[in-house]
Amino acid sequence: MNAKTVLPAVGMTAVSMVLTLAVVVMWLGTAMPWPVALVVGLGIDGGWLATLAYERRLAAQGDHSTPVTAVGWSFGLIATGVLIAHALTEESASAWLAVAWLPIAAKALWLVHGLWERTALTGEALDAIQGIQQEARDEAAVARARLRAEASMEETRLTAVTQAGARVAHVQARTADTLSRAWSTLESAREGEDTGRALTSVTTRVTPGVTPRWELPVWGPTEPVSAFALESAGALTDEALDALVDKIRHSETPALSYREMASRFRTAGHSASEVRLRAAWKRVA
């Protein structure tokens, strides 16, 4: 893995050192003996190479020295300055300026290589990190799928409840409409002109000149009678029940209807089945 960064840095360093040496020999060789120019070029490259080697040694030990780094960058800047100065004295300055940045680029590549080494991980660590990331992605995907399923289920449940509520409301509305029409029919029959004559033909008069009034059935809540109250009261004989019914019936004038008599009978705490109570009413009436 280090070859990805170290090889470009080594190549760029070699090219910049050769270029610096060649430029120093060509440029200074005209003003001084070429061996002196060669020594100057080798001095620049040697100082740069020595500081680079020392920096690499410190990096291998996990250490760092700011002065050594500063000296190394100084040699790189000197080499770049020599190349720029040579380019400015040549006729084809642009061509030489195009390669004047090579020493700085070589130092930058070694900097990148050092950062790579400080942040490099082993294969086992990379595999562990990939496994953790994959596990996190799997858990996130499962959580998203679970949330979508729960949302879909809740939507289905709400739809079913809403539809059931609508059906119940529709049935209640139809039932209420039917009951209202039936009640209206009963009220119309009760208030009709021929109702009195029809009732007179099937009932006996309680009082001369008075036709028994047809009471509408009760439509509303009722209070149930507890079994204890029914069992605690003693069963009345037919004679006693007849006398009691007749007494309650004639407690007011005109005589009470069956519904009023039955209500007062049970309010007084007496108990008798509906069949017996109606039979007593018929016998008395």
Side-chain angles (χ1 to χ4, degrees), residues 146-285:
R146 183 178 292 108
L147 288 176
R148 292 194 194 97
E150 291 178 356
S152 178
M153 180 182 65
E154 187 67 18
E155 182 180 1
T156 303
R157 188 184 68 82
L158 290 177
T159 302
V161 170
T162 303
Q163 292 176 353
R167 289 195 297 269
V168 171
H170 183 64
V171 171
Q172 290 178 344
R174 287 191 303 175
T175 303
D177 182 65
T178 303
L179 289 176
S180 64
R181 289 200 301 269
W183 192 260
S184 177
T185 302
L186 289 174
E187 182 67 20
S188 300
R190 180 174 179 269
E191 299 297 335
E193 296 180 358
D194 297 333
T195 303
R197 291 194 299 271
L199 291 176
T200 302
S201 64
V202 297
T203 59
T204 58
R205 296 183 179 181
V206 177
T207 303
V210 178
T211 302
R213 183 174 180 80
W214 175 33
E215 298 294 340
L216 291 174
V218 178
W219 184 17
T222 59
E223 297 182 0
V225 180
S226 63
F228 177 77
L230 293 176
E231 294 176 357
S232 61
L236 298 173
T237 62
D238 292 343
E239 292 77 9
L241 184 61
D242 292 347
L244 187 58
V245 168
D246 185 67
K247 179 180 178 182
I248 295 174
R249 179 170 175 265
H250 291 91
S251 61
E252 290 184 7
T253 302
L256 300 176
S257 64
Y258 173 77
R259 188 173 64 86
E260 293 174 344
M261 184 280 302
S263 176
R264 295 192 182 187
F265 177 85
R266 303 197 185 281
T267 302
H270 304 294
S271 63
S273 65
E274 188 68 20
V275 175
R276 293 191 62 205
L277 193 60
R278 285 187 178 276
W281 170 267
K282 291 179 180 180
R283 288 194 299 269
V284 172

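When reading the values below, keep in mind they use all heavy atoms of this one structure, side chains included, and skip hydrogens, waters and symmetry mates.
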Hits for salt bridge (charged side-chain N to carboxylate O under 4.0 Å, His left out) against E239, two or more places apart or cross-chain, chain-then-number order -> none
According to side-chain hydrogen bond (donor to acceptor under 3.5 Å, both in side chains), does anything in residues 152-162 pair up with another residue at least two apart or in another chain? List the pairs. E154-R157
Looking only at heavy atoms, what is the nearest atom pair of L244 and F265, with distance? CD2-CE1, 3.3 Å
Going by the salt bridge (charged side-chain N to carboxylate O under 4.0 Å, His left out) test, which pairs reach into residues 161-176, not counting sequence neighbours? none
For S251, enumerate each residue passing the side chain to side chain contact (heavy atoms under 4.5 Å, CB included) test, keeping only those at least two apart in sequence or located in another chain. L256, R264
CG (D246) and CH2 (W281) are apart, to the nearest 0.5 Å, by 9.5 Å
R146: partners by salt bridge (charged side-chain N to carboxylate O under 4.0 Å, His left out), with sequence neighbours left out: none
Salt bridge (charged side-chain N to carboxylate O under 4.0 Å, His left out) contacts in which one or both residues fall within residues 273-285, not counting sequence neighbours: D238-R276, D242-R283, R266-E274, E274-R278
